[in-house]
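Quick notes on the structure that follows.
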Amino acid sequence: MKIVVIGGSGLIGKKLVNNLRHHGHEVVAASPSTGVDTLTGEGLAEALTAARVVVDVANSPSFEDKAVMAFFETSGRYLLAAEAAAGVGHHVALSVVGTERLIASGYFRAKIAQEDLIKAAKIPYTIVRSTQFFEFVGSIAQSATDGQKVRLSPALVQPIVSDDVAAALVQVVVEAPLNGTVELAGPDLIRLDELVRRFLRAHRDARKVITDAHALYFGTALNDQSLTPGDNPRIGPTRFEDWVSRSIPQE
Ligand SMILES: NC(=O)c1ccc[n+]([C@@H]2O[C@H](COP(=O)([O-])OP(=O)(O)OC[C@H]3O[C@@H](n4cnc5c(N)ncnc54)[C@H](OP(=O)(O)O)[C@@H]3O)[C@@H](O)[C@H]2O)c1
C-alpha cells in the first residue's frame, strides 16, 4: 500500500517512515526538504498519486500565534484538496490530547483549526491525539525558565516517548478509518513539575523547579484534566525513567 507521510523528516515522521517501510509499505517521506510543501501546494499532487493513506505529522516552523494558525489552516486546505483529487482513502493526523482545553494558547487554537478542517472534509479520517513526547520535556523546561528558576504547574501529565507514538501510528494506518479520534499516552501519570525536575536532575542541569499552581503552560492555566487523556487511551509501554537514563550520555 502506498502511504505518504507529510512531515516525513521530523521527529515522529522519520520513525514512522522507517517503521512503515519495515512493514513492507511503499512510503513517500514528504516535506519541504524533499520538494513537497503543504503551505504552497508545491509537489503535493505528484507525491499523492496512487496513495491510499496520508499521515500528517508536519509541524509549523514558527509557534507565533498568526504564523502557526496560517500554517495549519493553509496546509490543511491544500493537503485535503490534493487528497480529494487523488482519491486518498484515509487521512491520519497527529494532534494533542486536551487541545480543546488549551485554547488560551495560539498553538492549540491552530491545532483545533487543523482538526476542524479534517472533520469538515469528505475524506475518511482518524485523528490521533498524543500526550507530550518525552523529547519535548526539555522545551517545556525552557519555556518556563527565568534565570535559574523553572516555574511549573503541578498538574498531572501522562507523557509518551516518540518511538511509541510512531508505533501506534503504524497500527492506525493499517486499521479502518475511525472518522473520530483516538488518544495515546505513556504508562505513568506524573506531575508536570516533578517530570521536569527528574529530567533536569538526570541531565545534571542546575536549574531549580518552583511549583506554582498558577504557572501558565504556553499561555494556559492547567488543572489535572488539562493534559491527561480520557477513559480509553492506547498506552505506549516505555517508562520515562528508563528513557531518561538511556538518553543521557554516560561518563
Ligand atoms: N511535541 C509534542 O510533545 C507533541 C505532542 C502531541 C502531538 N504533537 C504533534 O506532533 C506533530 C509532529 O511533531 P514533531 O515534533 O515530530 O515535528 P518536527 O520534528 O518539528 O517536524 C516537523 C516536520 O514538518 C515538516 N514541515 C515543516 N513545514 C512544512 C511544510 N510547509 N510542508 C510540509 N512539511 C512541513 C518538516 O519538514 P522539513 O524537515 O523539511 O522542514 C518536518 O518534517 C505536530 O503536529 C505536533 O502538533 C506533538
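Residues: numbered from 1 along the sequence shown.
Shown here for Asp224 and Pro154, the closest heavy-atom pair between the two residues is OD1-O, 4.1 Å. Taking all atoms of both residues into account, the shortest heavy-atom contact from Ile118 to Ala93 is CD1-CB, 3.5 Å. Across every non-hydrogen atom of Ser247 and His203, the tightest pair is OG-NE2, 4.4 Å. What you find for Ala166 and Leu16 is that their closest heavy atoms are O-CD1, 3.8 Å. In terms of heavy-atom proximity, Val68 sits nearest to Gly106 at CG1-O, 3.8 Å. Of all non-hydrogen atoms in Ala47 and Val4, the two that sit nearest each other are O-CG2, 3.4 Å.
In this structure, Phe134 and Phe240 have perpendicular ring planes: the angle between them is above 60°, well past the 30° mark.
With values rounded to the nearest 0.5 angstrom, Arg234 atom CZ is found 6.5 Å from Gln171 atom CD. To the nearest 0.5 Å, atoms CD1 (Ile235) and CG (Asp164) are separated by 10.0 Å. Note: Phe72 CZ to Arg109 CZ = 13.5 Å, rounded to the nearest 0.5 Å. The CG atom of Leu178 lies 4.5 Å from the OG1 atom of Thr126; values are rounded to the nearest 0.5 Å. To the nearest 0.5 Å, the span separating NE2 on His25 from CE on Met1 amounts to 4.5 Å. Summarising the geometry, atom CG belonging to Leu156 is positioned 11.0 Å from atom CG belonging to Leu195; distances are rounded to the nearest 0.5 Å.
Contact check for Trp243 versus Glu135: side-chain heavy atoms found under the 4.5 Å cut-off. The shortest distance between side-chain heavy atoms of Tyr217 and Leu227 falls below 4.5 Å. Annotation: side chain of Thr238 is not in contact with side chain of Asp163 (no heavy-atom distance under 4.5 Å). Between Ser9 and Thr34 there is no side-chain heavy-atom pair separated by less than 4.5 Å. Side-chain atoms of Ile112 and Glu100, non-hydrogen and from C-beta on, do get closer than 4.5 Å to each other. Two residues are said to be in side-chain contact when any heavy atoms from C-beta on lie closer than 4.5 Å; Leu44 and Val36 meet this criterion. Between Gln132 and Val96 there is a side-chain heavy-atom pair separated by less than 4.5 Å. By the 4.5 Å heavy-atom criterion applied to side chains, Phe136 and Pro159 are not counted as neighbours.
Taking hydrophobic clusters as Ile, Leu, Val, Met, Phe, Trp and Tyr residues chained together by side-chain heavy-atom distances below 4.5 Å, Phe199 shares a cluster with Phe133. A continuous path of hydrophobic side-chain contacts links Ile12 to Val173 [ILVMFWY only; heavy atoms under 4.5 Å]. In the hydrophobic clustering of ILVMFWY residues, with side-chain heavy atoms under 4.5 Å counting as a link, Val92 and Leu48 come out apart. Ile6 and Leu80 fall into different hydrophobic clusters, defined by Ile, Leu, Val, Met, Phe, Trp and Tyr side-chain heavy atoms under 4.5 Å apart, directly or through other members. Leu94 and Val88 are members of different hydrophobic clusters when ILVMFWY side chains are connected at heavy-atom separations under 4.5 Å.
The local environment of NZ in Lys14 is sparse, with at most 12 non-hydrogen atoms from other residues, nucleotides or ligands closer than 6.0 Å. Environment of NZ in Lys119: crowded, with over 12 heavy atoms of neighbouring residues, nucleotides or ligands closer than 6.0 Å. For Arg21, the CZ atom is densely surrounded, since the number of other residues' heavy atoms within 6.0 Å is greater than 12.
A search for side chain to side chain donor-acceptor pair (under 3.5 Å) contacts involving Ser153 returns nothing, not counting sequence neighbours. For Thr211, the side chain to side chain donor-acceptor pair (under 3.5 Å) test picks out Asp193, Arg197, with sequence neighbours left out.
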Evaluate the criterion side-chain contact (heavy atoms from CB on, under 4.5 Å) for residue pair Thr228 and Thr131; output intermediate values, then yes/no.
CA-CA 7 Å; Thr228 44; Thr131 55; over 6 Å; no

Is there a side-chain contact (heavy atoms from CB on, under 4.5 Å) between Ser62 and Phe71 once you walk through the steps?
CA-CA 9 Å; Ser62 164; Phe71 180 85; over 6 Å; no

Val55 vs Val172, side-chain contact (heavy atoms from CB on, under 4.5 Å): CA-CA, chis, key distance, verdict:
CA-CA 10 Å; Val55 189; Val172 169; over 6 Å; no

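Considering Thr220, Asn59, Thr99 as possible partners of Tyr107, the one that fulfils the side chain to side chain donor-acceptor pair (under 3.5 Å) test is Asn59.
Side chains of Asp56 and Tyr125: a donor-acceptor N/O pair is absent below 3.5 angstrom, by distance only.
Comment: Asp146 does not engage Arg151 in a salt bridge, judged by the lack of any side-chain N to carboxylate O separation of less than 4.0 angstrom. Salt-bridge formation is detected for the pair Arg198/Glu194: a Lys NZ or Arg NE/NH1/NH2 atom is positioned less than 4.0 Å from an Asp or Glu carboxylate oxygen.
Between the side chain of Lys15 and the backbone N or O of Ala167 there is no donor-acceptor pair closer than 3.5 Å. Side-chain atoms of Gln158 do not come within 3.5 Å of backbone N or O of Leu189 as any donor-acceptor pair. Judged by distance alone, with hydrogens and angles left aside, the side-chain atoms of Ser245 form a donor-acceptor pair with the main-chain N or O of Asp242 at under 3.5 Å.
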